[in-house]
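Below is one structure; the comments refer to it alone.
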Amino acid sequence: MIRKYQIGPMPKQIAPGLAARFAKMEVASIGHFRFRGFVNHAIRPVFPVKGRVVGTAVTVASPGPDGTVVHHSFGLLRPGDFLVIDRLGDDKYACIGGGTSLAAMKGGAVGVLLDGPVTDPDEIRDHGMPVWARGTTGITTRTLNLGGAINVPVSVGNVPVLPGDYVIADSVGVVIIPAAEAEETCREAEEREPRSPANQARVRAGEKLGDVSGASKHIAEDLK
């Protein structure tokens with residue numbers, strides 16, 4: 001018999017020290033050297049978020065009008081988890097709203113990322129549950145028992161997400177980083193972050209940006 005639900009094991013969580021290091025850097029800082037893992041910019045924070053929200057991806061695949069598996073996922077969450085919901089192409093029904101965002105927060109989630117709309121944005125803001133989504137809608141999911149999955153590979157904003165991946169999100173965007181690449185990515189971002197203020201100081205002092213960045217050198221060598 002084919003089961004309607006697939007529930008995978010809960011993934012290993014990001015170490016608190018590494019999470020704290022990621023929380024000090026902007027998503028855009030990672031975007032200076034990394035191309036993979038950036039969620040489509042149409043997925044935006046429901047309300048302005050201060051700083052960075054960092055957590056471990058707990059993935060959910062939930063079909064169209066049904067929110068059964070999403071409701072179940074709240075009972076599995078641990079402090080520090082980032083709930084990542086693949087709506088399987090649906091853009092009509094909201095599986096996250098006032099009550100469900102509260103349930104996610106009470107479960108310990110640091111944030112919610114979904115490839116679909118939400119409802120009750122004011123309640124979500126009042127609860128203080130950071131949520132990234134594709135806009136809002138007035139129609140919600142129901143507990144229709146259609147099936148779904150938890151902690152399986154999903155796709156959100158054109159990015160594959162595995163349970164246990166690291167999610168770094170802020171007001172600019174969201175990036176998904178595989179756990180095996182997290183330490184190297186964090187170290188590279190930490191090394192690069194001091195360069196931006198230094199480069200801006202050079203431009204303020206009168207240097208041309210093309211000289212500071214090396215762009216003009218590349219072009220000059222090509223035109224020889």
Side-chain angles (χ1 to χ4, degrees), residues 26-28 30-31 37-74 76-77 80-144 146 148-163 165-177:
E26 298 177 355
V27 170
I30 300 172
F38 290 87
V39 171
N40 188 284
H41 60 81
I43 296 178
R44 304 292 302 154
V46 172
F47 62 89
V49 176
K50 293 183 179 180
R52 262 64 58 194
V53 180
V54 182
T56 305
V58 170
T59 62
V60 175
S62 178
D66 185 29
T68 304
V69 74
V70 176
H71 285 202
H72 181 70
S73 73
F74 300 143
L76 304 177
L77 293 172
D81 285 336
F82 207 120
L83 188 62
V84 179
I85 307 173
D86 183 348
R87 297 293 288 120
L88 304 175
D90 178 76
D91 62 358
K92 181 177 181 179
Y93 297 91
C95 67
I96 294 294
T100 45
S101 65
L102 178 61
M105 183 176 68
K106 289 297 185 181
V110 295
V112 178
L113 168 67
L114 68 148
D115 203 339
V118 299
T119 195
D120 305 327
D122 291 340
E123 288 186 47
I124 294 173
R125 180 197 61 220
D126 291 344
H127 294 325
M129 180 77 253
V131 177
W132 284 257
R134 288 185 185 266
T136 60
T137 182
I139 186 168
T140 68
T141 56
R142 286 79 160 165
T143 50
L144 301 176
L146 297 180
I150 297 174
N151 287 325
V152 298
V154 299
S155 176
V156 174
N158 304 326
V159 173
V161 186
L162 301 180
D165 284 351
Y166 298 165
V167 185
I168 298 95
D170 61 17
S171 60
V172 173
V174 182
V175 62
I176 308 296
I177 300 176

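Keep in mind it's a predicted model, so treat the numbers as computed, not measured.
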> Would Leu113 and Ile176 count as a side-chain contact (heavy atoms from CB on, under 4.5 Å) if you check the C-alpha gap in whole Å, the side-chain angles of each, and the deciding distance to 0.1 Å?
Replying inline: CA-CA 11 Å; Leu113 168 67; Ile176 308 296; 4.2 Å; yes
Strictly by side chain to side chain donor-acceptor pair (under 3.5 Å), give each pair with a member in [range] just once, sequence neighbours left out.
range	answer
residues 116-129	Asp122-Arg125
residues 150-162	none
residues 97-115	Asp115-Arg134

> Should Leu114 and Val131 be marked as a side-chain contact (heavy atoms from CB on, under 4.5 Å) after you check the CA-CA gap, both sets of side-chain angles, and the distance that decides it?
Replying inline: CA-CA 8 Å; Leu114 68 148; Val131 177; 3.8 Å; yes
[X] and [Y]: which non-hydrogen atoms are nearest, and at how many Å?
X	Y	answer
Val70	Ile96	CG1-CD1, 4.4 Å
Ile85	Ser62	CG2-CB, 4.4 Å
Gly116	Ala133	O-CB, 3.3 Å
Leu77	Ala104	CD1-O, 3.9 Å
Gly51	Asp170	O-CB, 3.4 Å
Ala57	Val167	CB-CG2, 3.9 Å

> When you look at Thr68 and Leu146, which way does the side-chain contact (heavy atoms from CB on, under 4.5 Å) test go after all the steps?
Replying inline: CA-CA 8 Å; Thr68 304; Leu146 297 180; over 6 Å; no
>> Going by salt bridge (charged side-chain N to carboxylate O under 4.0 Å, His left out), name the pairs with one or both residues in residues 41-57, residues two or more places apart or in two chains.
In response: none
> Do any pairs count as a ring-ring contact (aromatic ring centres under 6.0 Å, His included) and have a residue in residues 45-67, sequence neighbours left out, and if so which ones?
Replying inline: none
> Going by the ring-ring contact (aromatic ring centres under 6.0 Å, His included) test, which pairs reach into residues 89-122, not counting sequence neighbours?
Replying inline: none
>> For a side-chain contact (heavy atoms from CB on, under 4.5 Å) check, start with the C-alpha distance between Ile177 and Ile30, then their side-chain angles and the critical distance, and finish with the verdict.
In response: CA-CA 10 Å; Ile177 300 176; Ile30 300 172; 4.2 Å; yes
Suppose we screen for side chain to side chain contact (heavy atoms under 4.5 Å, CB included). Which residues come up paired with [X], at least two apart in sequence or across chains?
X	result
Leu76	Ile7, Met10, His72, Ile150
Thr136	Val118, Pro121
Ala149	Gln6, Ala61, Val152
Val110	Val53, Phe82

> Is Val58 close to Ser73 at the side-chain level, that is, under 4.5 Å between some pair of heavy atoms?
Replying inline: no
> Is there side-chain contact between Val172 and Glu26, with heavy atoms separated by less than 4.5 Å?
Replying inline: no
> Considering residues at least two apart in sequence or located in another chain, which fulfil the salt bridge (Lys or Arg N to Asp or Glu O under 4.0 Å) criterion with Asp90?
Replying inline: Arg87
> Which residues pass the salt bridge (Lys or Arg N to Asp or Glu O under 4.0 Å) test with Asp86, sequence neighbours left out?
Replying inline: none
>> Donor-acceptor check, side chain of Thr59 to backbone of Pro153, threshold 3.5 angstrom: yes or no?
In response: no
